[in-house]
K.L.:
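One structure is given below, represented as structure tokens, and several questions about it will come after.
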Amino acid sequence: GEDVEQSLFLSVREGDSSVINCTYTDSSSTYLYWYKQEPGAGLQLLTYIFSNMDMKQDQRLTVLLNKKDKHLSLRIADTQTGDSAIYFCAESISDYKLSFGAGTTVTVRA
Amino acid sequence: GAVVSQHPSRVICKSGTSVKIECRSLDFQATTMFWYRQFPKQSLMLMATSNEGSKATYEQGVEKDKFLINHASLTLSTLTVTSAHPEDSSFYICSARADVSDTQYFGPGTRLTVL
């Protein structure tokens, strides 16, 4: 079956880097995603990585993929107060479906 | 690009009534739309997959007669919660997948409260 796991909470000081980790189980996943959810809102696609890539960088965001260990991470450089949100890791499974982790609540403190 | 809207954003209804939620892809054609339910402080639970012009595929444990899904066009899917009860109160989120992409784009969600 599919199972995505994330740590539930992360507290980071403004200006520091945040690293959110995720493990997944479906080795056939083609894409892995990071979504951001602010309170009362839907999910915003932050970035995604194709399974044959090791790293993807997009401005302040860096995604690292270790396919052997089925480990995915999201690094946010220079974390700002507007980065406070819940971050969901998701893997693509059959029939274009996504399997989500429980979400990591990131709190940015001044 | 890739904007998905939902309407209404918030609805309060009495127990026993039916509520319809619309999901629209505004700037692309969505071959597939997905409906999720999210409980407070929890992850998204996939309810069903909706393909344009065909019957929706429901996940295990989701009552198809309770949650009616219609995907009449490539830009619109609707979820109707029939005979709603307080336990149906939740945050319902839709997503849409463009024909040429695996990526799902999410709507802003609909908060349903059943009194």
Side-chain angles (χ1 to χ4, degrees), chain A residues 1-10 20 22-26 28-53 56 58 63 65 84-107, chain B residues 1-10 21 23-26 28 30-52 54 56-60 62 90-113:
Chain A
E2 304 86 15
D3 200 6
V4 179
E5 294 188 356
Q6 304 176 236
S7 53
L8 294 182
F9 301 99
L10 175 67
I20 308 168
C22 169
T23 58
Y24 61 98
T25 56
D26 191 344
S28 64
S29 290
T30 308
Y31 290 95
L32 296 124
Y33 300 87
W34 285 103
Y35 286 90
K36 176 183 180 182
Q37 186 179 36
E38 298 187 33
L43 271 66
Q44 172 195 352
L45 176 65
L46 283 180
T47 187
Y48 64 91
I49 188 167
F50 191 51
S51 58
N52 68 354
M53 297 169 66
K56 180 179 180 180
D58 184 2
V63 179
L65 174 61
S84 293
I86 302 175
Y87 291 80
F88 290 96
C89 166
E91 62 172 342
S92 59
I93 54 177
S94 61
D95 300 324
Y96 303 106
K97 297 178 187 178
L98 295 178
S99 178
F100 285 88
T104 300
T105 299
V106 174
T107 303
Chain B
V3 177
V4 177
S5 70
Q6 277 185 246
H7 178 80
S9 57
R10 190 179 291 265
I21 302 169
C23 177
R24 292 182 186 272
S25 57
L26 299 185
F28 66 100
T31 309
T32 308
M33 289 184 170
F34 300 87
W35 286 96
Y36 295 85
R37 185 172 178 177
Q38 187 181 32
F39 292 100
K41 300 189 186 304
Q42 293 190 26
S43 188
L44 281 73
M45 181 193 81
L46 178 65
M47 299 174 66
T49 303
S50 168
N51 290 296
E52 186 264 338
S54 62
T57 303
Y58 290 82
E59 295 298 301
Q60 194 171 5
V62 178
S90 193
F91 193 53
Y92 292 88
I93 308 177
C94 74
S95 70
R97 180 186 75 87
D99 193 26
V100 293
S101 168
D102 280 3
T103 302
Q104 291 184 30
Y105 296 94
F106 284 79
T110 297
R111 172 75 58 194
L112 170 63
T113 303

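Numbers restart at 1 for each chain; the letters A, B, ... are given by sequence-line order, proteins then strands.
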K.L.:
Between A:A41, A:G103, A:G40, which shows the greatest number of heavy-atom pairs under 4.5 Å with chain B?
P.N.:
A:A41
K.L.:
Measure A:L98 against the heavy atoms of chain B and call it side chain, backbone, both or neither at under 4.5 Å.
P.N.:
both
K.L.:
For the interface with chain A, which of B:I93, B:L44, B:V4 has the highest count of heavy-atom pairs at distances below 4.5 Å?
P.N.:
B:L44
K.L.:
Which answer fits B:T103, side chain, backbone, both or neither, if we ask what part of it has an atom under 4.5 Å from a heavy atom of chain A?
P.N.:
both
K.L.:
For residues A:L43 and A:F100, determine if any side-chain heavy atom of one lies less than 4.5 Å from a side-chain heavy atom of the other.
P.N.:
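They are in side-chain contact.
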K.L.:
Any side-chain heavy atom of A:W34 within less than 4.5 Å of one from A:C89?
P.N.:
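Side chain of A:W34 against side chain of A:C89, heavy atoms only: contact under 4.5 Å found.
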K.L.:
Verify side-chain contact (heavy atoms from CB on, under 4.5 Å) between A:T104 and A:F9, making sure each step is shown before the conclusion.
P.N.:
CA-CA 5 Å; A:T104 300; A:F9 301 99; 5.9 Å; no
K.L.:
Report the residues that fulfil side chain to side chain donor-acceptor pair (under 3.5 Å) with B:S54, sequence neighbours left out, ordered by chain and then residue number.
P.N.:
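For B:S54 there are no side chain to side chain donor-acceptor pair (under 3.5 Å) partners, ignoring immediate neighbours.
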K.L.:
Would you mind checking which part of B:Q104 comes under 4.5 Å of any heavy atom in chain A, side chain (CB onward), backbone (N, CA, C, O), both or neither?
P.N.:
both
K.L.:
Given heavy-atom pairs under 4.5 angstrom as the criterion, report whether the side chain, backbone, both or neither of B:Q38 touches chain A.
P.N.:
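Side chain of B:Q38 only, per the 4.5 Å heavy-atom cut-off to chain A.
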K.L.:
Hey, does B:W35 have a side-chain heavy atom less than 4.5 Å from the side chain of B:C23?
P.N.:
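Touching, per the 4.5 Å side-chain cut-off.
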K.L.:
With side chains defined as the heavy atoms from C-beta onward, is the minimum distance between B:M33 and B:C94 less than 4.5 Å?
P.N.:
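In short, these two side chains do not touch, never coming nearer than 4.5 Å.
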K.L.:
Determine, stepwise, if the pair A:L65 / A:Y24 fulfils side-chain contact (heavy atoms from CB on, under 4.5 Å).
P.N.:
CA-CA 11 Å; A:L65 174 61; A:Y24 61 98; 3.4 Å; yes
K.L.:
Given a strict heavy-atom distance threshold of 4.5 Å, which part of A:Y31 is in contact with chain B: side chain, backbone, both, or neither?
P.N.:
side chain
K.L.:
Who wins among B:E59, B:M45, B:R111 for the most heavy-atom pairs under 4.5 Å with chain A?
P.N.:
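Most heavy-atom pairs within the cutoff with chain A belong to B:E59.
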K.L.:
Heavy-atom cut-off 4.5 Å, strictly under: side chain, backbone, both or neither for B:T32 against chain A?
P.N.:
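For B:T32, there is no contact with chain A at all, as no heavy atom is under 4.5 Å.
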K.L.:
Heavy-atom distance under 4.5 Å to chain B: side chain of A:Y48, backbone, both or neither?
P.N.:
side chain
K.L.:
Between A:Q37 and chain B, with a heavy-atom cut-off of 4.5 Å, which part of the residue counts as in contact: side chain, backbone, both or neither?
P.N.:
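Answer is side chain: those atoms of A:Q37 sit under 4.5 Å from chain B.
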